[in-house]
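For reference, the structure is listed below as structure tokens.
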Number of protein chains: 2
Amino acid sequence: MAHPKISSEDLIGRVADVFRTQGYQAASLSRISQATGLEKASLYHRFPGGKEDMVAAVVSNLNQWFQDQVFTPLERSGKPAERVRFVAQRLREFYADGSKSCALDTLSLPGGSAALHEAVRGSLAALLQAFTGIAREGGASGAEARERAEQAIIEIQGSLVLARVLGDCKPFHRTVDRLPELLVGSRSI
Amino acid sequence: MAHPKISSEDLIGRVADVFRTQGYQAASLSRISQATGLEKASLYHRFPGGKEDMVAAVVSNLNQWFQDQVFTPLERSGKPAERVRFVAQRLREFYADGSKSCALDTLSLPGGSAALHEAVRGSLAALLQAFTGIAREGGASGAEARERAEQAIIEIQGSLVLARVLGDCKPFHRTVDRLPELLVGSRSI
DNA sequence: GTCTATAGCTTGATAGAC
DNA sequence: GTCTATCAAGCTATAGAC
């Protein structure tokens, strides 16, 4: 990689933005070229496998983000509620206060390869497992912990859809604020 | 309309299925042609304005469904909880037990015209208003009624996203079952 | 009302110069 | 590592026969 026009980090971020916003099918190479400042042939130099290669890198990058900002923090020591508060803040930043769609949502639409959809499924399953773990640590039984984790993901994804359609991010803020109570709180859900 | 190969009702339903599943951009005329059994030129005879015309008809049809199966039933007489139970059952059928994506979600992705996105926004806003109305009838104050309505839509949309990604419809079933409690129940949310 | 045929553009992808 | 140029295939849309 001698003198790249754009760093690998910047590149993957800009590519990810296009896929996250548009979904796989509508994320055309022209759009990606425009977003990155690289011509199509240059994109093929960075991602020899074309679109499938690009989206695989995007999902891999997203998995790394979840690992660093969600999974690892949730496994640290300290009060479970405090760990969830930390993660909730990371998620708030990640989704830009609710104004950004979730890539796991948009990339789950038809259009990509089976491998892509399996990867997306795996990413959300990992998040579900991490949420289930912290809910169990917070005192919930196995079944209720799983249910709280599902509920947390439902409310995050649902409030992001609501924000995208209505342009109103307040429900997302409420969801994020209530995340600690939902996952490790004592009230019944 | 002399001897149409497919009835207007069937046609709009099949076109709607393609848009709902794929989103606007990925819903190509080839796919719609395949789904309806009509050649592209025939589709232009039925929808002179092309794709934009088709998706407008789909949203209009969806609005009519909401009017008949949700808004009107919610305004009938009887116990609010019973009306919500009726509507919850209609929604369960509409989304095929959670296995179908919501068109208001998929059509809110970028790609369509500004008119389309405004129409989609209006449809969800109408649903929000109807839910707010029944929540208020159930005894919630103005602000809490609105919050309950938002929460109901969040949970429906979120559980549908979860179902699409993970292929697990049980969270959607739980959401639908809890809809009466969420909208007109007495417990705090 | 439906069809075949086609126009003009965009897509994903490749070849080869610098 | 990036570029211009190009290809075949797909796209939306239209013309015109039946």
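Labels below follow one simple rule: chain letters A, B, ... track the order of the sequence lines, proteins then strands, and each chain is numbered from 1.
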For this session: Can you sort out the partners of B:Asp17 under side chain to side chain donor-acceptor pair (under 3.5 Å), two or more places apart, ordered by chain and number?
Result: B:Arg20
For this session: Under the side chain to side chain donor-acceptor pair (under 3.5 Å) rule, collect the residues that match up with A:Arg90, sequence neighbours excluded.
Result: A:Glu93
Problem set entry | With sequence neighbours excluded, residues passing side-chain contact (heavy atoms from CB on, under 4.5 Å) with A:Thr21 | B:Pro110
For this session: Going 5' to 3' through nucleotides 2-18 of chain D, assign each nucleotide B (protein heavy atom under 4.0 Å from a base atom), S (under 4.0 Å only from sugar-phosphate atoms) or - (no protein heavy atom that close).
Result: BBB------SBBBB---
For this session: Can you sort out the partners of A:Gln157 under side chain to side chain donor-acceptor pair (under 3.5 Å), two or more places apart, ordered by chain and number?
Result: none
For this session: Please list, chain by chain and in numerical order, all residues satisfying salt bridge (charged side-chain N to carboxylate O under 4.0 Å, His left out) with B:Lys40, sequence neighbours excluded.
Result: none
